[in-house]
Amino acid sequence: MTEKLLSIHELTKSIGSITPVKGISFDLKRGGCTALLGPNGAGKTTTLRMLAGLIPPTRGEIKHGSADKQTNDWRHRIGYLPQYPKFYSWMSGKEYLSFSAKLSGLSGQKALQRSQEVIEMVGLQQASKRRISGYSGGMKQRLGIAQALVHEPELIMLDEPVSALDPIGRREVMDLLNRLRGEVTILFSTHVLHDAEEICDDMVLMVDGEIAEKGALSELRTKYRQPVLSIEVEPGERELAWLHGLSKRSFVQEAEVGKHRAKLTVTDMGAARAALIKELADNGIELLRFEAGTSSLEDMFMKVVGP
Ligand SMILES: Nc1ncnc2c1ncn2[C@@H]1O[C@H](COP(=O)(O)OP(=O)(O)OP(=O)(O)O)[C@@H](O)[C@H]1O
Ligand SMILES: [Mg+2]
């Protein structure tokens with residue numbers, strides 16, 4: 001069985017009259033990569049800030065596998081990259097990293113050695129002596145990840161590490177995260193399902209302070225792979241009435257009906273196809289499109305996150 005590195009239970013944060021995080025529970029596997037997915041305002045940053053020990057939870061429990069037994073402190077075991085990192089832009093990348101390493105408690109020699117190691121790890125060795133003010137967005141974000149790694153934490157938490165980047169910066173950071181997979185446990189937040197699918201094994205989907213779905217991506221893909229029929233008809237009264245009656249069929253699990261189209265999630269594609277084609281012919285419905293396919297995780301995501 002995979003060891004749990006972090007276990008959170010009923011974690012809640014209230015700020016004044018609002019509750020951005022409403023009793024969420026999930027585990028992180030040691031060595032795994034988990035995406036904390038959710039739209040703007042879902043509560044991702046608030047959750048990560050609680051896990052990083054920057055703000056106290058209002059309620060709930062955070063259990064860290066290797067917390068100090070006496071103080072229950074795990075902060076030295078984690079690295080954190082905030083959503084909007086700030087750098088001392090007059091420093092060089094290398095100076096900034098050894099400064100961060102010393103702040104994390106590493107001694108002078110060790111701080112220098114680790115700074116050199118992480119700067120190579122994130123591919124900034126060529127730029128290590130240049131001032132941060134001249135770095136691109138992607139380079140700054142990689143420097144931020146290096147800062148999160150410098151004290152050799154077992155878990156790094158990155159708050160939307162690619163959201164503010166152009167496609168090139170985005171690719172650089174995604175490639176770096178792919179290389180770090182397995183070496184360190186990763187929790188990163190994003191509002192893009194595709195990013196989660198590219199590098200993670202697990203995801204936690206947050207909407208409005210609550211967990212809408214969570215689990216292994218491979219299992220969730222299977223769970224949400226359901227037969228779907230898309231139908232489009234000519235505009236007309238008879239056609240419209242027929243479309244609106246579709247949701248009552250026994251094989252229809254879910255129906256989204258528009259003006260002249262319908263999207264049906266069905267239990268049995270064979271039965272649905274046969275029955276509907278017969279109905280179309282019997283009722284003289286003018287058909288434009290009849291397409292059989294499958295729903296995906298993306299469909300579920302859009303449904304949960306969408307307006
Ligand atoms: N200190 C605060 N005071 C008031 N409201 C807050 C505070 N912190 C968070 N919130 C509110 O809580 C909700 C969740 O915010 P949070 O920043 O955690 O979301 P998020 O998922 O990180 O969003 P984004 O994708 O925009 O970064 C938002 O509605 C936000 O306005
Ligand atoms: Mg945020």
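Counting starts at 1 for both ligands and their atoms, in listed order. Side chains included, hydrogens not; waters and symmetry mates left out as well; all remaining heavy atoms used. Source: prediction; values computed, not measured.
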Original post:
Of the options Glu219, Glu298, Lys303, Glu213, which is the one that meets Tyr224 in a side-chain contact (heavy atoms from CB on, under 4.5 Å)?
Top reply: Glu213

**OP:** Could you tell me whether Ala42 and ligand 1 have an N or O pair separated by under 3.5 Å?
**Re:** yes

Original post:
Hey, is Arg170 close enough to Asp166 for a salt bridge, meaning N to O under 4.0 Å?
Top reply: no

**OP:** With heavy atoms of Gln83 as the reference, note each atom of ligand 1 found under 4.0 Å away.
**Re:** 27 (O)

Subject >> Angle subtended at the Mg ion (ligand 2) by OE1 of Gln83 and OG1 of Thr45, nearest 10° >> reply: 80°

Original post:
Quick check: are there more than 12 heavy atoms from other residues, nucleotides or ligands sitting under 6.0 Å from CD1 of Ile168?
Top reply: no

Subject >> Test item, Gly43 contacting ligand 1 (heavy atom, 4.0 angstrom) >> reply: yes

Original post:
Do Tyr88 and Glu95 have side-chain N/O donor and acceptor atoms under 3.5 Å apart?
Top reply: no

Original post:
Side chains of Gln83 and Thr45: is there a donor and an acceptor less than 3.5 Å apart?
Top reply: yes

Subject >> Short N-O contact, Asp208 and Lys22, less than 4.0 angstrom >> reply: yes

Subject >> Option of least heavy-atom distance to atom 25 (O) of ligand 1 (set: Lys44, Arg49, Lys13) >> reply: Lys44

**OP:** Please write down residue, atom name and distance for the protein heavy atom closest to atom 17 (O) of ligand 1.
**Re:** Thr45 CB, 3.6 Å

Original post:
Nearest protein heavy-atom contact for atom 16 (P) of ligand 1: which residue, which atom, what distance?
Top reply: Thr46 OG1, 3.6 Å

**OP:** Assess the side chains of Thr58 and Thr12: does a donor N or O sit below 3.5 Å from an acceptor N or O?
**Re:** no

Original post:
What protein heavy atom sits nearest atom 30 (C) of ligand 1, and how far off is it?
Top reply: Ile18 CD1, 4.9 Å

**OP:** Determine, using heavy atoms of His191 and all atoms of ligand 1, whether some pair is separated by less than 4.0 Å.
**Re:** no

Original post:
So, Lys263 and Asp299, do they make that salt bridge, N to O below 4.0 Å?
Top reply: yes

Original post:
Who's the nearest protein heavy-atom neighbour of atom 26 (O) of ligand 1, and how far?
Top reply: Asn40 ND2, 3.0 Å

Subject >> Ion pair Glu160/Lys44, N-O distance below 4.0 Å >> reply: yes

Original post:
Could a heavy atom of Ser189 be found less than 4.0 Å from some atom of ligand 1?
Top reply: no

**OP:** Specify the protein heavy atom at minimum distance from atom 12 (O) of ligand 1: its residue, its atom name, and the distance to 0.1 Å.
**Re:** Pro20 CB, 3.2 Å

Original post:
Tell me: protein heavy atom nearest atom 14 (C) of ligand 1, and distance?
Top reply: Gly41 O, 3.4 Å

**OP:** State whether the number of non-hydrogen atoms from other residues, nucleotides or ligands found under 6.0 Å of Arg171 atom CZ is greater than 12.
**Re:** yes

Original post:
Which heavy atom of the protein is the closest neighbour of atom 1 (N) of ligand 1, given with residue, atom name and distance?
Top reply: Ile15 CD1, 3.8 Å

Original post:
Under 4.0 Å from any heavy atom of Glu160, which atoms of ligand 1 are there?
Top reply: 24 (P), 25 (O), 27 (O)

